[in-house]
Amino acid sequence: MSHEVVVIEGDGIGREVVPAAVEVLEALPVDFEFVEAEAGDAVEERTGAALPAETYDLAADADATLFGAAGETAADVILPLREAVDSFVNVRPAKAYPGVDAVRPETDVVFLRENTEGVYAGHEDRLSDDLSTLTRVVTSSASRELAEYACEFVEDGRGPSGDPDEGFTVAHKANVMRETDGRFREEVLAVADERGVDADEELMDAFATKLPLDPTQYGVIVCPNLAGDVLSDLAAGLVGGLGLLPSANIGHDNALFEPVHGTAPDIAGEGIANPTAAILSAAMLLEYLGHVEEGQRVRDAVEGVLSDGPRTGDLGGDATTDEVTAAVVDRL
Ligand code: ATP
Ligand code: MG
């Protein structure tokens with residue numbers, strides 16, 4: 001069975017790292033039908049639409065989408081694309097690799113971030129010259145859905161330790177936002193309890209101190225939308241660079257995979273971008289489509305290259321995107 005995967009390079013280094021990820025996927029014994037689609041600044045300049053309707057529809061109908069990055073138009077592209085794939089959870093692993101300089105080399109965590117509500121779905125209003133407000137949205141249904149996903153994730157041994165008994169940590173601020181985070185916390189812990197998954201909790205501010213001090217205390221971390229955004233970036237800082245971090249936006253019957261980094265305009269067009277984040281995003285895509293073994297093969301190949309080289313400039317080497325990609329393919 002062939003998987004239809006929509007490929008959206010977007011702008012900047014998206015055009016360099018996405019083809020690298022596709023090259024890696026093509027090196028595997030998995031049948032893909034890649035469909036190229038456009039989004040971002042360049043297509044907006046040409047057509048007036050940062051996310052053309054065809055691209056939205058292709059992503060909505062595909063088995064999965066691989067996305068690079070969009071520049072100025074990022075919000076106009078990625079928010080609707082997440083909606084196109086009906087994504088309710090953003091999965092962001094942050095793992096330090098041997099051979100890569102990291103603030104905390106022992107870091108190995110996965111954030112499961114609520115992807116539809118919180119302050120990002122909230123309604124902002126300018127009520128007067130002096131006053132603006134924001135309404136925060138939290139539903140029991142979205143909180144429970146995220147928690148169900150987290151339980152499955154842990155039960156399937158997909159957490160960093162691979163041990164279903166590791167459970168997860170829910171980070172929130174329910175002591176202050178008693179109604180919204182209170183609801184979130186209560187529902188997430190209730191689902192964990194119903195399913196017999198071990199769950200502990202942290203206040204998100206305390207968590208922001210404890211994570212960098214000792215990341216080994218944590219594995220799978222479940223967060224509301226904004227908290228997940230900020231805290232997973234914090235974790236990114238611990239592992240040594242944006243060029244390494246993949247992410248997945250998982251929906252009910254669809255998903256979108258993208259590196260955490262953006263268009264990196266300072267190095268775009270030079271062929272020196274680190275393709276690791278995009279390639280690891282492709283590994284997550286493989287796993288999502290049921291090719292768990294191939295996903296692991298890609299991870300192993302990437303890990304080998306990170307450890308032995310060649311490396312791109314951001315990791316202190318002088319290899320090109322193509323050289324790193326070829327080295328990964330070679331190991332496959
Ligand atoms: P955008 O507005 O599109 O997010 P940005 O200027 O914030 O662009 P990012 O892509 O977020 O740039 O990355 C910040 C910096 O990190 C870049 O300027 C670049 O130096 C570095 N960087 C990010 N991704 C990579 C990568 N894949 N390879 C090498 N360096 C990278
Ligand atoms: Mg950026």
Side-chain angles (χ1 to χ4, degrees), residues 82 87-97 100 102-115 143 145-172 184 188 191-192 195 197-202 204 207-208 210-212 214-251 255-261 276-288 292 295-296 298-300 302-303 306:
R82 285 177 183 158
S87 172
F88 60 92
V89 54
N90 187 220
V91 182
R92 284 186 59 172
K95 176 175 158 60
Y97 292 96
V100 176
V103 175
R104 285 279 176 230
E106 64 278 32
T107 306
D108 192 0
V109 294
V110 179
F111 283 85
L112 303 179
R113 164 187 168 194
E114 202 286 319
N115 215 12
S143 305
E145 185 163 50
L146 173 67
E148 296 282 358
Y149 184 87
C151 289
E152 255 164 60
F153 193 90
V154 166
E155 286 164 358
D156 291 350
R158 294 171 63 205
S161 71
D163 177 3
D165 292 337
E166 84 175 316
F168 63 78
T169 303
V170 54
H172 59 75
F184 178 82
V188 169
V191 168
R195 293 183 60 143
V197 169
D198 190 41
D200 52 20
E201 57 182 315
E202 292 275 9
M204 62 172 82
F207 175 80
K210 288 162 83 173
L211 179 74
D214 182 10
T216 63
Q217 291 181 60
Y218 303 104
V220 177
I221 302 138
V222 175
C223 297
N225 203 339
L226 171 64
D229 191 7
V230 175
L231 295 172
S232 63
D233 267 25
L234 172 70
L238 300 178
V239 303
L242 273 174
L244 300 178
L245 293 156
S247 78
N249 294 278
I250 305 291
L256 178 140
F257 301 82
E258 52 173 332
V260 167
H261 64 71
T276 301
I279 293 171
L280 289 174
S281 300
M284 294 180 86
L285 180 148
L286 282 163
E287 282 158 3
Y288 169 77
V292 176
Q296 190 57 48
V298 171
R299 277 179 217 291
D300 292 345
V302 164
E303 202 156 326
L306 286 173

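We're numbering straight along the sequence, starting at 1. These figures come from a predicted structure and were not determined experimentally.
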>> Under the criterion ring pair (Phe, Tyr, Trp, His ring centres under 6.0 Å), I'd like the reasoning laid out for Phe168 against Phe153: C-alpha separation, chi angles, the key distance, then a yes or no.
In response: CA-CA 10 Å; Phe168 63 78; Phe153 193 90; over 10 Å; no

> Of Asn90, Ile250, Leu146, which is the lone residue that meets side-chain contact (heavy atoms from CB on, under 4.5 Å) with Asn115?
Replying inline: Asn90

> After noting the C-alpha distance and the side-chain angles of Val91 and Val110, does the key distance pass the side chain to side chain contact (heavy atoms under 4.5 Å, CB included) rule?
Replying inline: CA-CA 7 Å; Val91 182; Val110 179; 3.8 Å; yes

>> Under a 3.5 Å distance rule, please check whether Ser281 uses its side chain to pair with a backbone N or O of Pro246 as donor and acceptor.
In response: no

> Atom CD in Gln217, atom NZ in Lys210: separation rounded to 0.5 Å?
Replying inline: 5.5 Å

>> Strictly distance-based, threshold 3.5 Å: is any side-chain N or O of Asp156 a donor or acceptor partner for the main-chain N or O of Arg158?
In response: no

> Distance from Phe257 atom CZ to Leu285 atom CG, nearest 0.5 Å?
Replying inline: 4.5 Å

>> To the nearest 0.5 Å, what is the distance between CZ on Arg92 and CZ on Arg113?
In response: 7.0 Å

> Can you find a heavy atom in the side chain of Val103 that is under 4.5 Å from one in the side chain of Pro212?
Replying inline: no

> Which atom pair, heavy atoms only, marks the closest approach of Glu166 to Pro160?
Replying inline: OE2-N, 3.6 Å

> Between Val100 and Lys95, is a side chain to side chain contact (heavy atoms under 4.5 Å, CB included) present by the stated rule, with each step listed?
Replying inline: CA-CA 11 Å; Val100 176; Lys95 176 175 158 60; over 6 Å; no

>> I'd like to check Arg299 versus Gln296 (side-chain heavy atoms, cut-off strictly below 4.5 Å). Are they in contact?
In response: yes

> Does Arg195 pair with Glu155 as a salt bridge, N-O distance under 4.0 Å?
Replying inline: yes

>> Can you give me the closest heavy-atom contact between Ala208 and Leu231, atom names plus distance?
In response: CB-CD2, 3.9 Å

>> Once rounded to the nearest 0.5 Å, what's the spacing between atom CD of Glu145 and atom CZ of Phe88?
In response: 4.5 Å

>> I need the minimum non-hydrogen distance between Ser232 and Asp229, along with the two atoms involved.
In response: OG-O, 3.3 Å

>> To the nearest 0.5 Å, what is the distance between CG on Leu238 and CG on Asp108?
In response: 12.0 Å

>> Please find the pair of heavy atoms, one from Gly167 and one from Val220, that lie closest to each other, and give the distance.
In response: O-CB, 4.1 Å

> Hey, mind stepping through Val222 and Phe184 against side chain to side chain contact (heavy atoms under 4.5 Å, CB included) and telling me if it holds?
Replying inline: CA-CA 10 Å; Val222 175; Phe184 178 82; 4.2 Å; yes

>> Once you measure the plane-to-plane angle for Phe207 and Phe111, does it fall in the parallel (<30°), tilted (30-60°) or perpendicular (>60°) bin?
In response: perpendicular

> Which value, rounded to the nearest 0.5 Å, describes the distance between Asp200 atom CG and Thr169 atom OG1?
Replying inline: 4.0 Å

>> On a heavy-atom basis, which atom in Cys151 and which in Ala192 lie closest, and how many Å separate them?
In response: SG-CA, 3.9 Å

> Looking only at heavy atoms, what is the nearest atom pair of Ala102 and Ala96, with distance?
Replying inline: CB-CB, 4.0 Å

> Can you find a pair of side-chain heavy atoms, one from Ser143 and one from Glu114, that are under 4.5 Å apart?
Replying inline: no

